[in-house]
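Any value given below was found using the heavy atoms of this structure, including those in side chains, with hydrogens, waters and symmetry copies removed. We're numbering straight along the sequence, starting at 1.
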Amino acid sequence: MSLLNKLEKKLYKYTIPNLYFGIIICTIIGYVIRYVFPSLYNQLLLIPYMVVVRGQVWRLFTWIFTVPYEGGLLTILLLPINLYFYYYLGKNLEMYWGRFLYNLYVLGGAILTDILVVIGGFYFYYWSADSETNKAVFPYDVQLLADPVSAALSITRYMYISIFLAFTVFGGDRLVYLYFFIPIKMKWLGYIDLVLMGYYFITGGLFTKIIVFCSLANYFTYFLINLKRDIPSVGQLQHRYKFHKAVQKQKHSRREAEHELKRRRAKTGATYNSDGTIQFPGGSNIIPPGYGNPDSISIHKCAVCGRTEKTNPELEFRFCSRCNGNYEYCSEHLYTHKHVE
């Protein structure tokens with residue numbers, strides 16, 4: 001079992017479901033605060049001086065509520081389209097990678113950025129040769145005081161770019177329509193983003209270099225990881241989506257059956273027999289759903305993460321026809337595991 005699989009087995013229960021949706025909600029809240037409560041918004045920005053010198057540590061977490069793009073009316077009008085696009089990217093990434101790897105990509109990149117920004121802040125304001133000058137200039141910079149947004153790091157923008165670049169690893173041949181009518185493959189937009197990121201790194205200051213480095217390091221790390229994975233086709237991803245829908249429908253039907261059985265038992269005064277079946281008036285016996293499997297025994301176990309239907313009842317398990325042997329996988333690894341030859 002690889003290191004990632006071992007980590008997933010131990011840390012999966014701490015992952016955030018539908019993280020991509022939460023990021024979109026935070027961005028929407030950020031735009032509301034930006035234009036309705038600007039003074040509050042200024043307290044959420046990640047400004048290294050405020051974190052390192054003034055001790056405002058909360059900014060290392062509240063930047064998730066800052067906006068990726070500043071702009072006027074056109075930015076606001078296009079906002080629903082942009083957010084839906086990134087919602088689509090995040091949903092497909094989580095479907096392809098699984099919840100754990102997607103959480104690790106987004107949250108791991110954010111934590112790495114925060115750590116290096118703090119280290120860079122201490123260097124810039126305390127350890128460098130010009131540290132005293134850097135500290136003295138910031139509070140008296142009229143432009144920064146007039147508009148704190150210009151002193152903030154646009155981490156959310158680079159986070160969205162990093163998510164887009166990650167999607168191009170397996171979805172680079174998909175078409176998008178630039179300006180709503182120019183068809184272009186996503187991988188070409190990804191190449192443009194990589195060039196721009198390189199430009200920002202070369203021309204930007206210390207903190208811009210830090211967040212660009214974190215975004216690209218995160219991307220290239222997962223790019224190398226995905227070279228060892230079987231890249232699913234669009235048809236396979238669609239099949240997986242249908243599989244998840246069928247699983248949810250099956251679970252809903254089972255819950256309805258259990259609920260109906262409880263109502264019938266309460267209404268008719270049915271009792272449990274010694275063998276676990278339900279005895280209804282008139283002599284009919286019904287076996288309750290899930291009866292016959294002791295709680296201490298699991299029937300299904302994923303060959304990748306080791307989860308079972310007991311530890312994770314929300315998952316479904318299937319055998320892989322392409323693996324040499326009887327290898328069973330959970331719904332998150334059925335289409336993403338490396339086949340056993």
Can you tell me how far the [atom1] atom of [X] sits from the [atom2] atom of [Y], to the nearest 0.5 Å?
{"X": "I76", "Y": "N82", "atom1": "CD1", "atom2": "CG", "value": "10.5 Å"}
{"X": "I25", "Y": "F65", "atom1": "CD1", "atom2": "CZ", "value": "10.5 Å"}
{"X": "L116", "Y": "L112", "atom1": "CG", "atom2": "CG", "value": "4.5 Å"}
{"X": "F85", "Y": "Y160", "atom1": "CZ", "atom2": "OH", "value": "12.0 Å"}
{"X": "L46", "Y": "I155", "atom1": "CG", "atom2": "CD1", "value": "4.0 Å"}
{"X": "M197", "Y": "T208", "atom1": "CE", "atom2": "OG1", "value": "11.0 Å"}

Just by distance, do the side chain of [X] and the backbone of [Y] share a donor-acceptor pair under 3.5 Å?
{"X": "K185", "Y": "L175", "result": "no"}
{"X": "S154", "Y": "R157", "result": "no"}
{"X": "S162", "Y": "Y158", "result": "no"}
{"X": "N218", "Y": "C214", "result": "no"}
{"X": "N103", "Y": "I16", "result": "yes"}

At their closest point, which heavy atom of [X] faces which heavy atom of [Y], and how far apart are they?
{"X": "L19", "Y": "E94", "answer": "N-OE1, 3.8 Å"}
{"X": "L45", "Y": "A152", "answer": "CB-CB, 3.7 Å"}
{"X": "V176", "Y": "M186", "answer": "CG1-CE, 3.2 Å"}
{"X": "G109", "Y": "T113", "answer": "O-OG1, 2.8 Å"}
{"X": "L153", "Y": "P48", "answer": "CD1-CG, 3.9 Å"}
{"X": "C320", "Y": "Y329", "answer": "CB-CE1, 3.6 Å"}

Is there side-chain contact between [X] and [Y], with at least one heavy-atom pair below 4.5 Å?
{"X": "Y123", "Y": "L206", "value": "yes"}
{"X": "M50", "Y": "R59", "value": "yes"}
{"X": "L165", "Y": "L216", "value": "yes"}
{"X": "C302", "Y": "E328", "value": "no"}
{"X": "S128", "Y": "N134", "value": "yes"}

> Crowded around Y199 OH? As in, over 12 foreign heavy atoms under 6.0 Å?
Replying inline: no
>> Test of understanding: with salt bridge (Lys or Arg N to Asp or Glu O under 4.0 Å), list the residues that count as partners of K187, not counting sequence neighbours.
In response: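 Counting only residues at least two positions away or on another chain, K187 forms a salt bridge (Lys or Arg N to Asp or Glu O under 4.0 Å) with D173.
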Under a 4.5 Å side-chain heavy-atom rule over Ile, Leu, Val, Met, Phe, Trp and Tyr, are [X] and [Y] clustered together?
{"X": "V195", "Y": "I202", "value": "no"}
{"X": "Y87", "Y": "Y31", "value": "yes"}
{"X": "I24", "Y": "Y84", "value": "yes"}

>> The test is side-chain contact (heavy atoms from CB on, under 4.5 Å); show your working for I23 and M159 and say whether it passes.
In response: CA-CA 10 Å; I23 293 173; M159 179 182 67; 3.8 Å; yes
>> Checking L11 against Y14 for the side-chain contact (heavy atoms from CB on, under 4.5 Å) test, could you report, in this order, the C-alpha distance in whole Å, the side-chain angles of both residues, the deciding distance, and whether it holds?
In response: CA-CA 6 Å; L11 303 178; Y14 301 110; 4.2 Å; yes
> Is the distance between the ring centroids of W58 and F61 less than 6.0 Å?
Replying inline: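 No, ring centres 6.0 Å or more apart.
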> So, for F100 and Y12, is the gap between ring centers shorter than 6.0 Å?
Replying inline: no
> Do the side-chain N and O atoms of Y69 and T156 include a donor-acceptor pair separated by under 3.5 angstrom?
Replying inline: no
>> Can you confirm whether the side chains of Y105 and T221 place a donor and an acceptor under 3.5 Å from each other?
In response: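 No, because no side-chain N or O of Y105 sits under 3.5 Å from a partner of the opposite role on T221.
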>> Would V117 and V51 count as a side-chain contact (heavy atoms from CB on, under 4.5 Å) here? Give the steps.
In response: CA-CA 9 Å; V117 164; V51 174; over 6 Å; no
>> Walk me through whether I163 and Y102 qualify under side-chain contact (heavy atoms from CB on, under 4.5 Å).
In response: CA-CA 10 Å; I163 291 173; Y102 181 73; 4.1 Å; yes
>> Taking the cut-offs as 6.0 angstrom to the six-membered ring centre and 45 degrees off its axis, would you call K91 and Y20 a cation-pi pair?
In response: no
> Residues two or more places apart in sequence or in another chain: which of them pass side chain to side chain contact (heavy atoms under 4.5 Å, CB included) with V32?
Replying inline: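 Residues passing side chain to side chain contact (heavy atoms under 4.5 Å, CB included) with V32: V36.
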>> Tell me every residue that passes ring pair (Phe, Tyr, Trp, His ring centres under 6.0 Å) with Y125, counting only those two or more places apart in sequence or in another chain.
In response: Y49
